[in-house]
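Below you'll find the structure, written out as structure tokens, and then a few comments.
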Amino acid sequence: MNRLSRHFTTNPSSRALLLPRILPNHSSGLFPNKILTLNPNQSLIQSFTRLSLHGPLSDAMAALETIDSRCLHAADPIDYLHLIKLCLSAGAADAGRRIHRHLTSAGYLPVLFLSNSLLGMYVRFGLIDDARQLFGNLPHRNVVSWTTMISAFIDIELGREALEFFVWMQRDGIRPNMFTFSSILRACDTLRDVWAMHCCAIKHGLDSDDFVRSSLIDAYFRCGDWESGHLVFNEIITGDLVVWNSVIGGFAQTGHGHEALKLFRQMKRAGFLAKQATLTSALRACTGMVFLEMGQQVHVHLLKYKPDLILNNALLDMYCKCGSLEQAEVNFERMHEKDVISWSTMISGLAQNGRSLEALRIFDLMKAEGAKPNYITMVGILFACSHAGLVEDGWYYFRSMNQLFDIEPGSEHYGCMVDLLGRAGKLAEAVKFIHEMEFKPDAIIWRTLLGACRVHKNVSLAAFAAQEILKLEPGDEGTCILLSNIYADAKQWSDVEQMRKMMRDRGIRKEPGRSWMDVGKETHVFIAGDFSHAQMEGIGRELERLISRISNMGYVPDTEFVLHDLGREQKEESIRYHGEKMAVAFGMMNSTSGKPIRIMKNLRICGDCHAFAKLVSRTEGKVIVIRDPVRFHHFQDGACSCGDYW
DNA sequence: CTAGGGTTAG
């Protein structure tokens, strides 16, 4: 191919010059309009131009047929571009394929912006095989062609293939651009990949592009390296909202709520207007930190925006996880648009707050409104059943998942079933269920069984379950502690000592129990046996007062949960200063009437603190809400929402 | 003609 013809085949505007203009060579220009209207081919081309730009698609396609039947090349390549857009907006894949055939026979595939548009069209229709084939047949490929394919692969989760294409394009001598990097970074799911890609972007001088940076930040956070993500953000503080959102969202999703909220404030101070995605991340940060007050402030912000489904779902989840079901329900009812996630959030939220029956009612409502439950919805439903002891219902939902909703039960569902049977004391059935599962039980399944063994005091089965966990996760500290607790409860002191020796040898240390609560703008943390709080004297006196009040109602310290082989008095002393008891006392000292005391915990609540909180809620006429890592306990009038079943 | 950020469970 000589230079001139290459110029003509790759440069669209000059390609147009090659088109057969059916005008007489000797047109004098005297009657140009007349000549044009008189020539039937020319007027066909003109109407094709008009139709491909304005539609309707069917007429434009008919014109295309006529052009074909007269063996003509059409007018300007631009017309085809418009026609492809028309196809896209009409969702007409067949017409798209028809255009593809036409362009091939007309010899237009070398015109890159046309072949790339075709590629893009196939991708957006989800026709990856057509796109692949076209890509393979292209006489020329540029960055856009390659990037279109890479992006398409990532959309359908073929990350490996995307990365292979990224390598091949460079072997072909094509340099990636910022579009390529912002796409390919989504395919990087190991830190090594991200590093390599980051280096590559630097080499091409593209690492300070905002699109590339937001993708880099996202990729680093996804691979767990939030420091690097933050570093990329800090290199240049731009006015690009998405870069802010990437870093805020990254922190929010990885449990660094403080950082996320700090950046959120920083962003507002810098004068940027938060968008829905920003607020969603801010809410998620509040959810993770159980910051009800802060979440309510974000809620106020949110009223200025037009309703957004994802944002409302995040709001719903925030209220559920902060233990404020009333506000969650109000907002749930207010939402005029609901999707599976809204329903699932509400169902799990009710279940985690001990309102299983209402969760099941919402599920009925969901089905009545024609929403289709998904995998996660069913986890919530089974969770509701297990935490309310609804064994029969649980079995029913578990068995019907497949036929009714076309959902294949996964390990999470099996886990819920083990929990359901185990909590209900049907330990033998639970073991049988585990052995009959289609797949190999994982550590979560055994841990669930171990928990049930603790509640129902089955020491030998507990030892077996713990053994299975330690096979899968050697040296898991939670398992060691739970097992030694179970031994201690059964007064098998030599086994306790053996466990503790093993833990010492392996360097396993118990995570200290912490409880925390917000008073005003401050967060107060209480650790069992730690008396360093500034108001400790007052807390001790208040604790004394509360214990004497509830002792009159029959409270006897329950030392079952004390690990050590101590005397009774020492045991009583050690549980008296559990963090949640100190927090309740502190909460009483600083309480506003009518407002519940809200306490968060990093470990699950012990039986004695549970009994304590129930009685205090009665004698003091106070609602106490304690959130442990799995669920909420709402104490009111001497009862708990969990029904003592947790 | 090709690109980036947000929601549900365990």
Side-chain angles (χ1 to χ4, degrees), chain A residues 12 77-78 80-81 84-85 88 111-121 123-124 141-152 154-155 176-186 206 209-219 221 240-250 252-253 274-285 287 308-318 320-321 338-349 351-352 373-384 410-416 419 442-445 447-448 629-630:
Chain A
I78 278 290
Y80 291 109
L81 195 62
I84 292 171
K85 280 188 192 161
L88 265 172
V111 182
L112 280 165
F113 80 83
L114 281 186
S115 44
N116 287 339
S117 296
L118 267 183
L119 264 186
M121 179 199 69
V123 167
R124 276 204 256 165
R141 301 178 189 96
N142 65 0
V143 222
V144 179
S145 332
W146 286 98
T147 305
T148 304
M149 291 308 289
I150 287 172
S151 173
I154 295 167
D155 284 343
N177 65 10
M178 51 270 252
F179 288 78
T180 322
F181 280 110
S182 54
S183 294
I184 195 72
L185 277 161
R186 286 196 295 139
L206 293 169
D209 176 79
D210 278 340
F211 277 79
V212 178
R213 284 198 323 131
S214 64
S215 306
L216 268 173
I217 294 168
D218 199 53
F221 272 100
D240 188 81
L241 194 69
V242 180
V243 177
W244 280 98
N245 291 348
S246 302
V247 72
I248 294 173
Q253 287 160 47
K275 285 289 265 273
Q276 282 95 330
T278 329
L279 294 177
T280 305
S281 292
L283 279 175
R284 169 125 182 211
T287 308
D308 181 284
L309 181 59
I310 299 179
L311 183 49
N312 272 322
N313 286 343
L315 183 71
L316 205 57
D317 192 42
M318 186 277 291
C320 286
K321 295 249 172 56
K338 296 184 183 99
D339 65 359
V340 219
I341 298 185
S342 327
W343 292 103
S344 306
T345 305
M346 202 61 228
I347 288 170
S348 312
Q352 283 161 348
N374 68 9
Y375 190 94
I376 295 175
T377 319
M378 295 315 294
V379 175
I381 289 298
L382 295 179
F383 183 94
S411 66
E412 287 89 348
H413 303 112
Y414 282 93
C416 286
D419 196 45
D442 58 10
I444 297 171
I445 300 266
R447 206 169 279 134
T448 307
V630 184

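Bear in mind that the values here come from a model prediction, so they are computed numbers and not experimental data. Values below: every heavy atom of this structure, side chains too, minus hydrogens, waters and symmetry copies.
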Over how many whole Å does the gap from [X] atom [atom1] to [N] atom [atom2] extend?
X        : N      : atom1 : atom2 : value
A:Ile445 : B:dG10 : CD1   : C1'   : 11 Å
A:Arg447 : B:dA9  : CZ    : P     : 19 Å
A:Arg124 : B:dC1  : CZ    : C1'   : 10 Å
A:Asp339 : B:dG6  : CG    : P     : 16 Å
A:Ile341 : B:dT8  : CD1   : P     : 7 Å
A:Asp209 : B:dT2  : CG    : P     : 16 Å
A:Phe211 : B:dG4  : CZ    : C1'   : 6 Å
A:Ile381 : B:dG10 : CD1   : P     : 12 Å

[X] near the nucleic acid: base, sugar-phosphate alone, or nothing, with a heavy-atom cut-off under 4.0 Å?
X        : answer
A:Leu279 : nothing
A:Ile184 : nothing
A:Thr280 : base
A:Asn312 : nothing

Would one find a side-chain N or O of [X] under 4.0 angstrom from OP1 or OP2 of [N]?
X        : N     : answer
A:Lys85  : B:dC1 : yes
A:Lys321 : B:dA9 : yes
A:Arg284 : B:dG6 : no
A:Gln253 : B:dT8 : no
A:Ser246 : B:dG4 : no

Is there a donor and acceptor pair closer than 3.5 Å between the side chain of [X] and the base of [N]?
X        : N     : value
A:Thr345 : B:dT8 : no
A:Ser183 : B:dA3 : no
A:Ser215 : B:dG4 : no
A:Asp240 : B:dG4 : yes
A:Asp308 : B:dG6 : yes

With respect to the side chain of [X], which nucleotide from [options] is positioned closest?
X        : options              : result
A:Asn177 : B:dT7, B:dT2, B:dC1  : B:dT2
A:Ile444 : B:dG6, B:dG10, B:dG4 : B:dG10
A:Gln352 : B:dT2, B:dT8, B:dA9  : B:dA9
A:Asn313 : B:dT7, B:dG4, B:dG10 : B:dT7
A:Phe383 : B:dT8, B:dG10, B:dT7 : B:dG10
A:Val379 : B:dA9, B:dA3, B:dC1  : B:dA9
A:Ser151 : B:dA3, B:dG6, B:dT8  : B:dA3
A:Val243 : B:dT8, B:dC1, B:dG4  : B:dG4

(message) For the base of B:dT2 and the side-chain ring of A:Phe179, does the geometry meet a stacking cutoff of under 5.5 Å between centres and under 30° between planes?
(response) yes
(request) Decide, yes or no, whether a salt bridge links A:Arg186 with A:Asp218 under the criterion of side-chain N to carboxylate O below 4.0 Å. (result) no
(message) Please enumerate all residues that pass side chain to side chain donor-acceptor pair (under 3.5 Å) together with A:Glu412, with sequence neighbours excluded.
(response) A:Tyr375
(request) Compare every heavy atom of A:Leu81 with every heavy atom of A:Leu114, then report the nearest pair and how far apart it is. (result) CD2-N, 3.8 Å
If only atom types and distance count, is the side chain of [X] paired as donor or acceptor with the main-chain N or O of [Y] below 3.5 Å?
X        : Y        : result
A:Ser151 : A:Thr147 : no
A:Thr377 : A:Asn374 : yes
A:Asp419 : A:Gly415 : no

(message) Less than 3.5 Å apart, any donor N or O on the side chain of A:Ser145 or A:Asn116 sitting next to an acceptor on the other?
(response)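 Distance-only check passes for A:Ser145 and A:Asn116.
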